[in-house]
Amino acid sequence: MKLISYRRTAVYWYNFDTEAGATYNIEPEIFREITGVSKEAVLGCTEVTEEELWELTENARLIKLPEGFEWVV
């Protein structure tokens with residue numbers, strides 16, 4: 001199991017952080033479907049399986065790399 005933390009944005013999408021430190025932005029319906037969090041959830045932590053984490057990252061947009069990583073042009 002992997003632990004992710006999440007928070008709802010001002011436009012009701014979700015940002016979530018992986019244990020590695022990467023931050024992603026994802027549509028609320030997809031996030032709730034995969035994680036099972038409540039529609040009223042604003043922020044928190046939840047455990048996901050490797051498969052669920054892969055599905056989350058495949059459906060999300062990476063918005064921040066983990067500390068120590070950089071974009072290669």
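None of the values given here were measured: they were computed from a predicted structure.
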Hey, could you give me the CG/CH2 distance between Asn59 and Trp54, rounded to the nearest 0.5 Å?
-> 8.5 Å
Met1: hydrophobic cluster co-members (side-chain, 4.5 Å) = none
Any idea how Phe16 and Tyr24 line up, ring-wise: parallel (<30°), tilted (30 to 60°), or perpendicular (>60°)?
-> parallel
Cluster check Val42, Leu3: I/L/V/M/F/W/Y, side chain < 4.5 angstrom = no
Any salt bridge (charged side-chain N to carboxylate O under 4.0 Å, His left out) pairs touching residues 52-69, not counting sequence neighbours?
-> none
Locate the shortest heavy-atom distance separating Ala20 from Pro66; write the atom from each residue and the value.
-> O-CB, 3.2 Å
Could you note down all residue pairs passing salt bridge (charged side-chain N to carboxylate O under 4.0 Å, His left out) where residues 4-18 supplies at least one of them, sequence neighbours left out?
-> Arg7-Asp17
Scan residues 33-50 for pairs that pass salt bridge (charged side-chain N to carboxylate O under 4.0 Å, His left out), counting only residues two or more places apart or in two chains.
-> Lys2-Glu50
Cut-off 3.5 Å, no hydrogens considered: what does the side-chain donor-acceptor table look like for residues 25-32, sequence neighbours left out?
unit_1 : atom_1 : unit_2 : atom_2 : d
Asn25  : ND2    : Asn15  : OD1    : 2.5

Report yes or no: do Val37 and Leu53 belong to one cluster of Ile/Leu/Val/Met/Phe/Trp/Tyr joined by side chain heavy-atom distances under 4.5 Å?
-> yes
Distance from Thr23 atom OG1 to Leu62 atom CG, nearest 0.5 Å?
-> 8.0 Å
What's the shortest heavy-atom distance between Ala41 and Tyr6, and which atoms?
-> CB-OH, 3.8 Å
